S.K.: 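Okay, handing you the structure first.
All values derive from a computational prediction rather than experimental measurement.
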Amino acid sequence: MKTIIILYCLAISAFSVSAQVKLKAGDKAPDFSGQDQDGNQVTLKQYTGKKVILYFYPKDNTPGCTAEACNLRDNKDLLAKEGYEVIGVSTDDQTSHKDFKAKYSLPFPLIADTDKSINQKYGVWVEKERDGKKVWGTARTTFIIDEKGTINEVIDKVETKDHASQILKL
């Protein structure tokens with residue numbers, strides 16, 4: 001019985017490690033399917049032929065996440081001129097996203113990843129430390145994806161107040 005428990009634990013830990021593989025430039029961006037703030041189904045496949053800024057953020061209506069979203073909103077025309085479409089993803093629900101999008105007039109979809117499946121596919125659902133306690137949450141990360149669905153850049157040191165400039169410098 002001990003052997004079975006040990007093997008089970010090893011299998012679970014091997015799965016956990018593989019589920020958290022860190023994506024990098026040159027990797028194929030995993031397709032995903034999720035609902036946006038209005039209940040519309042959004043997939044990466046829908047954006048084939050377009051450049052995508054896929055940004056993961058921890059929580060609607062928090063200072064850093066609001067600064068990041070508003071910076072992308074304020075630079076919408078510059079990003080569009082370079083051919084980028086923006087998609088935001090967090091684990092908040094559709095109602096929270098709908099309110100966040102309306103409050104700040106965000107011109108891009110916000111996907112409600114309440115089951116964390118998209119976060120996990122992209123390796124951004126991570127263990128963090130907050131107030132001395134370990135918790136799981138979204139690592140603020142942006143993936144720049146080309147027209148063929150390949151990741152060109154991964155930005156994990158996001159400058160929330162000037163995120164668009166950070167992207168445009170690439």
S.K.: Using only atom types and a distance under 3.5 Å, with no angle test, would you say the side chain of Tyr122 pairs donor to acceptor with the backbone of Pro30?
M.R.: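 Confirmed, Tyr122 side chain pairs with Pro30 backbone.
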S.K.: Is a side-chain donor-acceptor pair under 3.5 Å present for Gln94 with His97?
M.R.: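 Absent: no donor and acceptor within the cut-off.
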S.K.: Looking only at heavy atoms, which two atoms of Ser105 and Arg73 are closest? And how far apart?
M.R.: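 Heavy atoms only, the tightest pair is O-CD, 3.4 Å.
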S.K.: Treating Gln46 as the side-chain partner and Thr43 as the backbone partner, does any N or O pair qualify as donor plus acceptor under 3.5 Å?
M.R.: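 Between the backbone of Thr43 and the side chain of Gln46 there is a qualifying donor-acceptor contact (under 3.5 Å).
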S.K.: Return the set of residues passing side-chain hydrogen bond (donor to acceptor under 3.5 Å, both in side chains) with Gln37 (not counting sequence neighbours), or none when no residue passes.
M.R.: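 Checked Gln37 against side-chain hydrogen bond (donor to acceptor under 3.5 Å, both in side chains); zero matches.
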S.K.: Any heavy-atom pair between the side chains of Trp125 and Thr91 that's under 4.5 Å?
M.R.: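 Counting from C-beta outward, Thr91 and Trp125 do come under 4.5 Å.
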S.K.: When you check the side-chain N and O atoms of Thr48 and Glu147, is any donor under 3.5 Å from an acceptor?
M.R.: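 Glu147 and Thr48 do not have a side-chain donor-acceptor pair below 3.5 Å.
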S.K.: Whether the side chain of Asn75 engages the backbone of Asn71 through a donor-acceptor N/O pair (distance < 3.5 Å, no angle test) should be reported.
M.R.: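 It does hold such a pair.
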S.K.: If only atom types and distance count, is the side chain of Thr150 paired as donor or acceptor with the main-chain N or O of Asp146 below 3.5 Å?
M.R.: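 Looks like no, no N/O pair under 3.5 Å.
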S.K.: Side chain of Asp113, backbone of Asn119: donor and acceptor closer than 3.5 Å?
M.R.: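 Side chain of Asp113 to backbone of Asn119: a pair is present.
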S.K.: Looking at CD of Glu153 and CD1 of Ile53, how far apart are the two atoms once the value is rounded to the nearest 0.5 Å?
M.R.: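 Answer for the CD-CD1 pair, Glu153 versus Ile53, is 12.0 Å.
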S.K.: Does NZ belonging to Lys116 count more than 12 external heavy atoms closer than 6.0 Å?
M.R.: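 Enclosed: over 12 neighbouring heavy atoms sit under 6.0 Å from NZ of Lys116.
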S.K.: To the nearest 0.5 Å, tell me how far Ile155 CD1 sits from His163 NE2.
M.R.: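 Going from the CD1 atom of Ile155 to the NE2 atom of His163 covers 5.0 Å.
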S.K.: Please check this pair: side chain of Asp38 against backbone of Asn40, looking for a donor-acceptor N/O pair closer than 3.5 Å.
M.R.: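 No, the answer is negative, given that no donor and acceptor are paired below the 3.5 Å cut-off.
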S.K.: If you look at every heavy atom in Pro58 and Ser90, which pair is closest and at what distance?
M.R.: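 Closest approach of Pro58 to Ser90: O-CB, 4.2 Å.
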S.K.: Using a cut-off of 6.0 Å, state whether more than 12 heavy atoms not belonging to Lys76 lie near its atom NZ.
M.R.: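 No, not enclosed.
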S.K.: Specify the closest pair of heavy atoms between Leu106 and Cys70, including all atoms of both residues, with the distance to one decimal.
M.R.: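 What the structure gives for the nearest pair is CD2-N, 4.4 Å.
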S.K.: Test Glu68 against Arg140 for salt bridge (Lys or Arg N to Asp or Glu O under 4.0 Å), laying out the working first.
M.R.: CA-CA 10 Å; Glu68 180 179 20; Arg140 187 183 310 279; 2.7 Å; yes
S.K.: Look at the side chain of Asp92 and the backbone N and O of Asp60, then say whether any donor-acceptor pair between them is shorter than 3.5 Å.
M.R.: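 Checked: pair present.
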S.K.: Heavy atoms, side chains only, cut-off 4.5 Å: are Tyr55 and Val86 in contact?
M.R.: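 Sidechains of Val86 and Tyr55: in contact.
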S.K.: Please work out whether the ring planes of Phe56 and Phe143 are parallel, tilted or perpendicular, with thresholds of 30° and 60°.
M.R.: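 Taking Phe143 first and then Phe56, their aromatic rings stand perpendicular (interplane angle over 60°).
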S.K.: Would you say the side chain of Val154 lies within less than 4.5 Å of the side chain of Thr142, judging by non-hydrogen atoms?
M.R.: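 They are not in side-chain contact.
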S.K.: Roughly how far, to the nearest 0.5 Å, is the CG atom of Leu54 from the CD1 atom of Ile145?
M.R.: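 Result: 5.0 Å between the selected atoms.
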S.K.: Does Tyr104 form a side-chain contact (heavy atoms from CB on, under 4.5 Å) with Asp99? I'd like the steps, not just the answer.
M.R.: CA-CA 9 Å; Tyr104 295 102; Asp99 294 344; over 6 Å; no
S.K.: If you compare all heavy atoms of Asn152 against all heavy atoms of Ala25, which two are closest, and at what distance to 0.1 Å?
M.R.: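 Smallest heavy-atom distance, with atoms named: O-CB, 3.3 Å.
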S.K.: Do Val52 and Ile87 pass the side-chain contact (heavy atoms from CB on, under 4.5 Å) test, and can you show the C-alpha distance, the side-chain angles, and the key distance before you say yes or no?
M.R.: CA-CA 7 Å; Val52 174; Ile87 305 169; 3.9 Å; yes
S.K.: Could you give me the CA-CA distance, side-chain angles and deciding distance for Asp156 and Lys22, then say whether side-chain contact (heavy atoms from CB on, under 4.5 Å) is met?
M.R.: CA-CA 11 Å; Asp156 55 10; Lys22 188 94 167 164; 3.9 Å; yes
S.K.: Between the side chains of Asp93 and Ser96, does any donor sit under 3.5 Å from an acceptor?
M.R.: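 The answer is no; no qualifying pair exists.
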S.K.: Verify, without hydrogens or angle tests, whether Lys121 (side chain) and Asp31 (backbone) share a donor-acceptor contact under 3.5 angstrom.
M.R.: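 Indeed, once roles are kept as given, a pair shorter than 3.5 Å links the two residues.
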S.K.: Which heavy atom of Tyr84 sits nearest to which heavy atom of Ile144, and what is that distance?
M.R.: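 Scanning both residues completely, I find the closest heavy atoms to be CE2-CG2, 3.7 Å.
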S.K.: Is it the case that the side chain of Gln166 and the backbone of Glu159 share a donor-acceptor pair, with hydrogens and angles ignored and the cut-off at 3.5 Å?
M.R.: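 Such a contact is found between Gln166 side chain and Glu159 backbone.
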S.K.: Might you confirm whether atom NZ of Lys161 has over 12 heavy atoms from other residues, nucleotides or ligands at distances under 6.0 Å?
M.R.: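 No - once you tally the heavy atoms of other residues, nucleotides and ligands closer than 6.0 Å, there are 12 at most.
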S.K.: Compare every heavy atom of Gly88 with every heavy atom of Phe108, then report the nearest pair and how far apart it is.
M.R.: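 So the two residues come closest at CD1-N, 4.5 Å.
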S.K.: Supply the atom-to-atom distance Ile118 CD1 to Ile111 CD1, rounded to the nearest 0.5 angstrom.
M.R.: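 Spacing of CD1 (Ile118) from CD1 (Ile111) equals 5.0 Å.
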